Amino acid sequence: MKTINERCENVGRNPEEVKLIAVTKNRDLSDIEEAVRAGLYCLGENRVQEFVKKCENIGVEGAEWHFIGHLQTNKVRSVAGRVELIHSIDSLRLAEAVNEVAVKRNICQKVLIQVNASGEKTKGGFLPSDLLEAVQYCEKQEGLKLTGLMTIAPLAEDPEDTRPVFKKLRELMQEVKTALSLSEMRDLSMGMTDDYGVAIEEGATIIRIGRAIFD
Ligand SMILES: *Cc1c(COP(=O)(O)O)cnc(C)c1O
């Protein structure tokens, strides 16, 4: 998309550093197939049942699947090992459950820790104050490969209002990387239809877009 290149240019980033995920929630198979045919390679779903159905139909040959929604521990088996990346590790219990399935399947599941960077009461994810512990926990699990952080910005009329939240996620990742001497965390999954331009300027490496692609 044109905007991705422009926003990267604004801050001197290479557009190839930004992975575009087409969010398939509430979209039917024919729309998703059309998107894949049009060249969209990464697909993201936020509900397990939908993911299973769509993944079975679309397949994994021409597409890379991401799980981006809240994941219940009793549904981990349907997801772990079947997606490139789980964006939404939001509790230690979930991290433990994903690790358990991954170890059993003899794989290493790439994951992101979801951070409630705005501190809204209704939002899922670890509070910044609990992040260090969560990162340390994931780093110790042999079935998990922690590659970064994810956040969902609060609804805002002006996308500029979301900038502090994205900036905070970037700074939080830098802090934990420094504190724990980690080099492999590099992904910032942040930015959706209304705010991805700002997210890119603040360092997003993955953007999750639904409406701007499918509407
Ligand atoms: C729905 C959803 C998106 C995409 O939202 P749009 O506003 O349609 O771009 C991104 N991330 C998550 C976690 C979602 O649930």
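Just so you know, ligand 1 is whichever comes first in the structure, and atom 1 is the first atom listed for that ligand. All residue numbers in this chain count up from 1 along the given sequence. These figures come from a predicted structure and were not determined experimentally.
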| task | Compare Thr193, Asn26, Ile152 and give the one whose heavy atom is closest to atom 9 (O) of ligand 1. | result |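 Nearest heavy atom to atom 9 (O) of ligand 1 lies in Thr193.
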
| Given Lys25, Arg47, His66, which has its nearest heavy atom closest to atom 15 (O) of ligand 1? |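 The nearest heavy atom belongs to Lys25.
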
Report the nearest protein non-hydrogen atom to [atom]: residue, atom name, distance rounded to 0.1 Å.
atom                    : result
atom 7 (O) of ligand 1  : Arg211 NH2, 2.7 Å
atom 11 (N) of ligand 1 : Arg208 NE, 2.9 Å
atom 13 (C) of ligand 1 : Ile68 O, 3.5 Å

Donor + acceptor pair across side chains of [X], [Y] (<3.5 Å):
X      : Y      : value
Glu120 : Ser118 : yes
Ser88  : Gln114 : no
His66  : Glu64  : yes
Glu201 : Asn10  : yes
Thr205 : Asp187 : yes
Thr147 : Arg186 : no

| Contact check, Asn46 vs ligand 1, heavy-atom distance below 4.0 Å |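 Yes, Asn46 has heavy atoms under 4.0 Å from ligand 1.
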
| message | Show the atoms of ligand 1 that are less than 4.0 angstrom away from any heavy atom in Ile209. | response |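 Those atoms are 9 (O).
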
| query | Do any nitrogen or oxygen atoms of Met192 lie less than 3.5 angstrom from nitrogen or oxygen atoms of ligand 1? | reply |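 No: no nitrogen or oxygen of Met192 is under 3.5 Å from one in ligand 1.
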
